[in-house]
Amino acid sequence: MSKTKMTAWVVFAFVIIAFAVSVALKGALVTVGAFLTLFIFSFLYKDNPYYKFAEHLFVGVSAAYWMCMGFWGTMVPNLFGKLYPPMVGGVLPALKDNPAEPFMIIPLILGILLLMRLAPNAGWISRWALAFIVGTTAGLNLVRYLRSDFIQQINNTTFSLYISSAAGFDFGQTMSNIVIFIGVLCGLIYFFFSKEHKGAFGAGARVGIIVLMVTFGASFGYTVMARISLLVGRMQFLFGDWLGMIK
Amino acid sequence: MKRTVPLAITFIVGTVLVLADFIPHKPFGNLGDDFSLYFDIIAVFAFLLGGGNLIRVHLTKINRKRPDWQFSIVTLVGFVVMLAAGIFKISNPEGIQGDVAAIGSLFNDLYMYIFTPLQASMFALLAFFVGSASYRAFRAKNIEATILLIAAFIILLGRTPFGLWLTEGLTGDLAFLQIPNLANWVMDVPNLAGQRAIMIGIALGVISMSLRVILGVERTYLGQDSD
Amino acid sequence: MANNEVQNQSLIEKLQLIDRRIIFVFIACAVVIPLLVGATMEEETTPIVQAFFDYVENLPEDSRVLLSFDYGPTTAPEIQPMADAIVRHCAERKCKLYMMAVWATGHNLTGETIVNVLNPEFPDYKYGEEYVNLGYKAGNQGLIRLLLVDFKRMYSTDAAGTAIDSIPMMENINNLKNFDLIVSFGGGFPGIKEWVLYAGDPGNVPVGGGCTAVSAPLLYPYYPNQLIGLLGGAKGAAEYENALITAYPQYENKRMAGMSLMVSQTVSHMVIIFFIIFGNVLYFLHRSKQKANGIEGGQS
Amino acid sequence: MKYILPGFLVALLLLMALSVTAIAQEQDETVGEDVDTLMQPIEQEPPPKPVITAGEDRPNDNGHKLTIYWDYPQEATGKIDYFEVYRAESPDGEFKLRGTSPSNYFEYFDIGDSDENAEDYLENDKDLYYKVVAVVEDGPSSESDVAGPYHAVGQWFHTGKVPVMIAVIIFAMFTIYFIQSARKGKDLFVRPLAGIEAVDEAIGRATEMGKPILYVLGIGTAADIATIASFTILGRVAKKVAEYQTDLIVPCYDAIVMSVAQDVVKSAYLEAGRPDQYSDDQVFFVTNAQFAYVAGVNGIMVRDLPATNFYLGYFAAESLILAETGNSIGAIQIAGTDQVTQIPFFVVACDYTLIGEELYAASAYLGRDPLLLGSLKAEDWGKAIFMVLLAFGVLAVAFGWEGFREIVRVNL
C-alpha cells in the first residue's frame, strides 16, 4: 500500500470514529449536521472524498426536494385541484367542492407537449410549450421594465441640482445631486454600442467607467459584512451547538 | 411547421400580454398572472425531465465505472429516499392530508438535518471567498483597478472603529471627510448613480430583447430544424 | 508552473502568489476566536436605536406588542440577536407578546427565540396569557392589509392549531390597531417596508424594525415619521443590547449575541483590510524592483 | 345602429337606479323618524352621524373595488373609537360588515373578490348601498343614512399607463425601423466589447491545452431574459467549439433550460458540420437548488479542470463561489449577468465581465447578424431619449415646473 493510500485510510478511520463518538455524546442529528458542514468546508483545502460525498448527497436530496414541493405545492392544488377538484378530495379535502376551472387544461396540454421531447420523433413539438413560455416572459417583461426601470427612473433622477435649506445654500447636497446626475449620464454614455468612444463622447464614457468602478468597489465592500455573518452562524453551530464550547 | 408554429405562438402570446397590460378589464387584467401560473405548472412537468435526466446521468456513470462512480450511488440514494419521503408523505403526523413539509415528517427531518446544513455551509464559503477575491483583485494596477480598490477600502474601513479613529481629528467643516461619513456618501451618491445607469441599460436591453423575441428575430432558443 | 521557475522567484514574488488557503485560515480565526473567547464590543447607542429602546421602555405594563419574524436561516445570525434583545426587553416591561411571521421560514426562528430566551429567562411567562405564537400565514402584503381590517379572519388558530377564541390574550384583538407596537424583523420582501406601508401608516400603529445591515439604508428614510426606530445589522443589535444593559444591569454578565457578532465582523474586516494593504505593498515593491531591472509593465 | 340597444339598456338601468334611490331615500327617512321617536333618553350622548359623500369606482382596474368617502366633524373624532362600513345589495336589504377604518380616516376601500365563486365576491355594475357607523365601544354608536347605489366598474383602458403606452410604441417603432434598415444592407458600426473579443481566444486556448470548456447558464429559468440571451451566446460558442473539436460541458439548473440548451448545442454542432460529435451527456441537469447546484458545478471544475469558464445568465449569491473556484484552477473566465448586485463579484474575480446590458448585446455581437445589430441601434436611441428627458427634467425642476415629473409618473 502506498503512503498516500495509507494516510487516506487513517483519515477515514479517524472520521468514522469521531462520528461514532459524536453520535454517542451529542446525538445523531447535530452530528450529521456538523459533519456535513465540515465536509463542505474541507473543499477550501482541496477537493477530497468527503466533499464529494457531501456534494453528491446534496445534489440528490435537493433535486428530490424541489420535485416534491412542486408536486404537492403546485401540481396537486393548482392543476388537478382546479381541473377536477373531486380528484384531490382525498388529499386536500378543502378543495373538493370548488368548481372546476376548465382553462387549466392549457398548462396540462403544454406540460404534456414539453414531455414529448422524450419521444424519439416528436421532440420538435415540445418547442410549442417553450414558445409559450418565452412569449409570456417577453410580453410581461417588455412592459414591466419600461415602466419600473425606465420611466420611473427618469422620475427618480429628476431633482433639483441646486439645493438650499433654511440655513442657506446647501453645498453638500447640491454637490451630491450633481454627482448623481452626471454619474447617471456618463454611465449611460459608457453603454452606447453604436458610437465610437472618441472625443467628448469618449471622455464621458471614461467618467462613466469610473462611476461604475466606484459602484462595484463599494457594493463589494458593503457585502463583506453580510457574508461574514453567514460564517459566524455556521461557526456558532459547530462550536456552540455541537462542541458546546461557546457560553 | 416545426419552426413557424412556435414563432407564431411566441408572437401572439407576447403581443396579447403587452396589450393586456393596458386593459384592466376581464379577462385581460389577470392574463399575466394566469399565464405565470401556467408557467409554474409547466415547470413542474419539467421536473420530471430533470429527475429523469439526473437518474440517467448517474446510472450511466455507475454502469461505465467512470471516475468517482461510487459517489453517484450516494446521489441516487439521496434522491430516491427524499422523493419517497415527500411523495408518499412518510411518517407525516397528519397522514396523506398533511402539509408535505409538516414538522415531524421524514421529509422535513431530511430537509432540516441534511439539506439545511449543507446549504448554509455552501453559502458560508462566501465569507472565505470575499477574502481571497479582495486580496487578489484589489491591486492598484491601473486607474480602474485603483478606483475599485479605493471605493472598497473606504467602505470596509468605514465598517470598523478603525475608520473613525483614523479621522476623528477632522471636525467642523471637514467632518464629511471622516471615513464613516465618507463611506455613507460613497454608498448613497456615486454608487447610486452607477447602479441607476446599469439598471436603465438593463431595462433597455430587456425591452429590446423582448421585442426581438416577439418579432421572431432572436430565435436561437428554438434550435434549428434538425430533427 | 514548472518547479525551477518557482525556485527562481524572489521572496516578494513568492509572497505575492500567497496560497489563498492562508487567507482562509486568517478569516476562520477572525471569526472563531472572538466567539470562543466570548469577546464583546460595546457600541454606543445611536439615536435611531435609542428612540426604539425608549419607546419600548415607556410602554405601560400589559401593552400589546406584535412581533413579526420575517426572515430566514441565512440572515438569522444577523437578525436573531435583535429579536432576542427586543423580546427580553418587552418581557422586562411585562408586555404581552404576539409572535407571527409573514415569511414561511420565520416560523422555526420564532420557536428559537421562545426556547432560547423567553422560556429559560422568563419562566413566569405563560403561553396564551402573556405570549402566543401565531405562526406563519401566506399572503405577503395582502395578509398585512387584511390583518389591519380583521385579525381573526386570517388567524383562526395559533401555530399549534388551538382555536384563537380559546386563547385568553387574543380576546380583545380585532385588528392591528389594537396593538401598541408592531415590530418586524427582516428587511426583505415582505418586511418592515410593507408593515409601514400597509399597517403603520393607514392604521396609525407605531412600527419598529430590525433588519440586515445590507437592507438598512433602504429603510432609513422612514425614520422618524413612519418608523419609531430601526436596528441595522449586528451593529444595531449591539447598540440595543448596550442600551438594555445600561437600563437593566442584571444583563451585564450575560452573553449578548449582537455584541459578539460585532467583534467577529470587525476583526474579519480588519483581516481583509490588512491583506489588501499587504497585497498592494508587495505589488509596488515588485514593480519598483522590476523597473530597476529594466523590465516594464510585468505583472504577475 | 349598434349603439341603440346598449344605449337603451343603460338608460333603462339609469331610470331604475334613480327610482330605486328615490324610494330608498323616502323609506330611509321614514325609518329614521321612527327611530327618533322611539329613542329613549340615554345617559350618554351619541356621537354625530357620519355623512357619506361619495362612493366611487376605483379607476384603472377590473372592477370589484369601490372607495367610500364620508364627512365627519373633525372635533368629534376624539370621541369615537373607529368607523364600521356596511354594505347591502338593496337599501333595505341585509347590511353586512365590510371592515373598519380608524377614527381619523374618512374613507374606506372596499375590496371584493373578483372570483365569482368566492365568498367575498363583489359583482361589477351591480347596485350597492353603504352605511357607515361611528362606533363608540362603551356607549351608543351612530349610524349614517344609507347611501347609494354605487357601482364597481371594470375599465378597458388603464389611463395611468399612458406614458408606458407611448414608450412601448416609440420603442417598437425604433426597433422595427432599424431592423428594416439593417435588412436593406446599411452598415452599422458597433464598438468593440472586450468580453466578446475574448471569446474566440478563450476557446482557442482550451483547444491548445486539450482541456474542456465549461458553460454555466446560471440559475435562471427559461423565462428569464438573461437566460434567453445566454442561449444565443451558447449557440455561437458551441459552434466554435464544434469547429475546434474541443469538449463542451453545460451543467444545467433547470430542466427546461436543459432541454433548450440541448437543442441549441445540437443545432450548433450540426451547423458546424459535426453532428456526430454531439451527445446529450454534454448538456445535463444537476439540480434546481441554488447551492447544491454550485456544489455540483464546483465539483466539475476541480475534477474536469476546464481551461475556460463561461458564466452567462442569471446569477445570485453563488456568483463569487463559482468565480473563485474557477480562478483557483487557473481557468480564463468570461462572465455576464443582469443582476446588479452580482456584477461586482464577477468584475473582481473574472477576466472579462459583460456588465448588464452588454450581456444582451453579446448575442448580436457574436452573430454579427444585421437584424440583431439593428436592434442595438434602437437601444442606443432609447438611451439618448432617456438622457434628453433627464436633462430636460432637471431644467424643468430648476425653473420650478414640477409638472414634468407628473408626466413621467406611472400611476398604478
Who in residues 107-122 of chain B is close to chain D, using a strict under-4.5 Å heavy-atom cut-off? B:F115, B:Q119, B:M122

Which of these, D:F174, D:F171, D:Y177, sits in a ring pair (Phe, Tyr, Trp, His ring centres under 6.0 Å) with D:W381? D:F174

Can you say whether D:L234 sits under 4.5 Å from chain B via the side chain, the backbone, both, or neither, judging by heavy atoms? neither

Evaluate the ring planes of B:F22 and D:F157, with Trp represented by its six-membered ring, and classify them as parallel (under 30°), tilted (30 to 60°) or perpendicular (over 60°). parallel

Tell me if a side-chain donor or acceptor on B:N53 pairs with a main-chain N or O of D:F285 at a distance below 3.5 Å. yes

Counting only non-hydrogen atoms closer than 4.5 Å, does B:I198 touch chain D with its backbone (N, CA, C, O), its side chain (CB onward), both, or neither? side chain

Taking the six-membered ring for Trp and the single ring otherwise, decide whether the centroids of D:F346 and D:F315 are under 6.0 Å apart. yes

Does any backbone or side-chain atom of D:N288 lie under 4.5 Å from a heavy atom of chain B? Answer side chain, backbone, both or neither. side chain

With chain D, which of B:V130, B:I23, B:L148, B:V57 has the greatest number of heavy-atom pairs at distances under 4.5 Å? B:I23

Given that the side chain runs from C-beta out, which part of B:D21 has a heavy atom under 4.5 Å from chain D: side chain, backbone, both or neither? both

Chain B interface, residue from D:I228, D:T325, D:T341, D:I179 that has the most non-hydrogen pairs under 4.5 Å: D:I228

Is there a side-chain contact between D:F284 and D:C252 (heavy atoms, below 4.5 Å)? no

Point-to-point distance, once rounded to the nearest 0.5 Å, from CG of D:L270 to NZ of D:K239: 11.0 Å

Without hydrogens or angle criteria, can the side chains of B:Y221 and D:D263 be said to hold a donor-acceptor pair below 3.5 Å? no

Would D:E271 and D:K266 satisfy salt bridge (Lys or Arg N to Asp or Glu O under 4.0 Å), going step by step from the backbone distance to the final call? CA-CA 9 Å; D:E271 226 176 293; D:K266 203 169 168 183; over 6 Å; no

So what's closer than 4.5 Å to chain D heavy atoms on B:F79: side chain, backbone, both or neither? neither

Non-hydrogen atoms of chain D under 4.5 Å away: do they reach the side chain of B:R56, the backbone, both or neither? side chain

Contacting region of D:N327 [heavy-atom separation from chain B under 4.5 Å]: side chain

Heavy atoms only, distances under 4.5 angstrom: which of B:L211, B:L49, B:L215 has the most pairs with chain D? Name it, please. B:L211

Where on D:M165 is there a heavy atom nearer than 4.5 Å to chain B: the side chain, the backbone, both, or neither? both

Smallest separation among heavy atoms of D:V348 and B:F138, with atom names: CG2-CE2, 4.0 Å

Considering only heavy atoms, which portion of B:V18 lies under 4.5 Å from any heavy atom of chain D: side chain, backbone, both, or neither? side chain

Between D:A226, D:P275, D:A317, D:G235, which residue shows the highest count of heavy-atom pairs closer than 4.5 Å to chain B? D:A317

Heavy-atom proximity to chain B below 4.5 Å, by part of D:V286: backbone

Is it the backbone or the side chain of D:A292 that comes under 4.5 Å from a heavy atom of chain B, or both, or neither? neither

side-chain contact (heavy atoms from CB on, under 4.5 Å) between D:L217 and D:F231, intermediate numbers included: CA-CA 8 Å; D:L217 284 150; D:F231 285 141; 4.0 Å; yes

Heavy-atom closest pair, residues D:L320 and B:A133: CD1-CB, 4.1 Å

Do you know which of D:L376, D:T287, D:D338 has the most heavy-atom pairs under 4.5 Å to chain B? D:D338

Test side-chain contact (heavy atoms from CB on, under 4.5 Å) on B:V213 and D:I225; report intermediate values, then the result. CA-CA 10 Å; B:V213 166; D:I225 295 285; 5.7 Å; no

Which value, rounded to the nearest 0.5 Å, describes the distance between D:Y360 atom OH and D:I233 atom CD1? 10.5 Å

Which bit of B:V206 comes within less than 4.5 Å of chain D, counting heavy atoms only: side chain, backbone, both or neither? both

Ranking D:V264, D:N298, D:I321 by heavy-atom pairs under 4.5 Å to chain B gives rank one to D:I321

Could you tell me if the side chain of D:V153 sits less than 4.5 Å from the side chain of D:Q155, heavy atoms only? yes

Side chain, backbone, both or neither: which part of D:A378 has an atom under 4.5 Å from a heavy atom of chain B? neither

Do the ring planes of D:Y121 and D:H64 sit parallel (below 30°), tilted (30 to 60°) or perpendicular (above 60°)? tilted

Go through the atoms of D:S230 and report whether side chain, backbone, both or neither lie under 4.5 Å from a heavy atom of chain B. neither

Between B:Y38 and B:F35, is the ring centroid distance below 6.0 Å? yes

Portion of D:E358 that has a non-hydrogen atom of chain B nearer than 4.5 angstrom: neither

Given the options D:D380, D:V260, D:L372, which has more heavy-atom pairs under 4.5 Å with chain B than any of the others? D:L372

If we count only N and O atoms by modelled type, under 3.5 Å, do the side chains of D:T337 and D:Q342 hold a donor and an acceptor together? no

Part of D:L359 within contact of chain B (heavy atom distance under 4.5 Å): neither

Interface check, chain D: of B:I207, B:I200, B:L54, most non-hydrogen pairs under 4.5 Å belong to B:I200

D:N124 versus chain B, heavy atoms under 4.5 Å apart: side chain, backbone, both or neither? neither

Donor + acceptor pair across side chains of B:R64, B:T60 (<3.5 Å): no

Which bit of D:A289 is near chain B, if near means a heavy-atom gap under 4.5 Å: side chain, backbone, both or neither? side chain

Atom OG1 in D:T227, atom CD1 in D:I256: separation rounded to 0.5 Å? 11.0 Å

Examine whether an atom of D:T175 lies under 4.5 Å from a heavy atom of chain B, and if so say whether it belongs to the side chain, the backbone or both; otherwise answer neither. side chain

